[in-house]
Amino acid sequence: MTNNDADEPRRDPEPSREQKVYIALAAIPQGRVVTYGQLGDLAGLPRAARQIGYILRNLPPESTLPWHRVINAAGKISLGPETESGIRQRARLQEEGVVLTNGRISLKHYRWQP
DNA sequence: ATGGTGACTTGGC
DNA sequence: TGCCAAGCCACCA
């Protein structure tokens, strides 16, 4: 096929929203956290906090992305403390040395900036 | 097309 | 410090 109109994307296929979020998420260092809104900003998706939540909820099970480093603007874990994911998030953060005081992230680890 | 939903955020008390 | 109402925006029935 010599033509290229509607056939193959020869240009960089623009990354999907998910891709952008995955990339930004992968860059968050261990032991630090970001908020949903921040992650959106880092991914080039301003005001997308709710969408970030949606995307994280739908992460493929085989993903190794550090989704547990995403917390809400109040400095807390958004998942229910009784839910399996919520429990896992808390455990993983603790493993990384992120301290929770009364359910809140201690200021030492609060919000990572690139 | 339309209205409901939600791992959210912000401003006002 | 915490609760509420609005705003927000992709997804879904």
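Lettering follows sequence order; numbering is per chain, from 1. The structure presented is a predicted model; accordingly, all values stated were derived computationally and were not measured.
Judged by distance alone, the side chain of E18(A) and the main-chain N or O of L59(A) form no donor-acceptor pair under 3.5 Å. The closest donor-acceptor contact from the side chain of N72(A) to the backbone of A74(A) lies under 3.5 Å. The backbone N or O of T35(A) sits less than 3.5 Å from a side-chain atom of Q38(A), completing a donor-acceptor pair.
We find that CG of L25(A) is positioned 12 Å from C1' of dA7(B), with the value rounded to whole Å. The CZ-C1' distance, from R69(A) to dA7(B), rounds to 17 Å in whole Å. dT5(B) atom P lies 22 Å from atom CD1 of I55(A), rounded to whole Å. Residue W67(A) contributes atom CH2, which lies 14 Å from atom P of dA7(B) at whole-angstrom precision. For the pair L45(A) CG and dT9(B) C1', the interatomic distance rounds to 16 Å; values are reported in whole Å.
Minimum heavy-atom separation, L93(A) to R69(A): CD2-CA, 4.3 Å. Here the closest non-hydrogen pair linking P60(A) and Y22(A) is CD-OH, 3.8 Å. The two atoms that bring W112(A) and A27(A) nearest to each other are CH2-O, 3.4 Å, heavy atoms only.
The listed nucleotides are dT9(B), dG6(B), dA7(B); the one nearest the side chain of A73(A) is dT9(B).
R47(A) comes within 4.0 angstrom of the backbone, heavy atoms only, and of no base. Contacts of S85(A) with the nucleic acid, taken as non-hydrogen atoms under 4.0 Å apart, are absent.
Base pairing of dC8(C) is not made with any nucleotide, judged by Watson-Crick or G-U wobble geometry with both donor-acceptor distances under 3.5 Å.
Mapping heavy-atom proximity under 4.0 Å, the span of DNA chain C touched by chain A runs 5' to 3' from dG7(C) to dC12(C).
Closest-nucleotide positions on DNA chain C for R50(A) and Y54(A) were compared, and the one nearer the 5' end corresponds to R50(A).
T35(A) has a side-chain polar atom (N or O) that falls below the 4.0 Å cut-off from OP1 or OP2 of dT9(B).
R32(A) has no carboxylate O lying under 4.0 Å from a charged side-chain N of E96(A), or vice versa, which leaves the two without a salt bridge.
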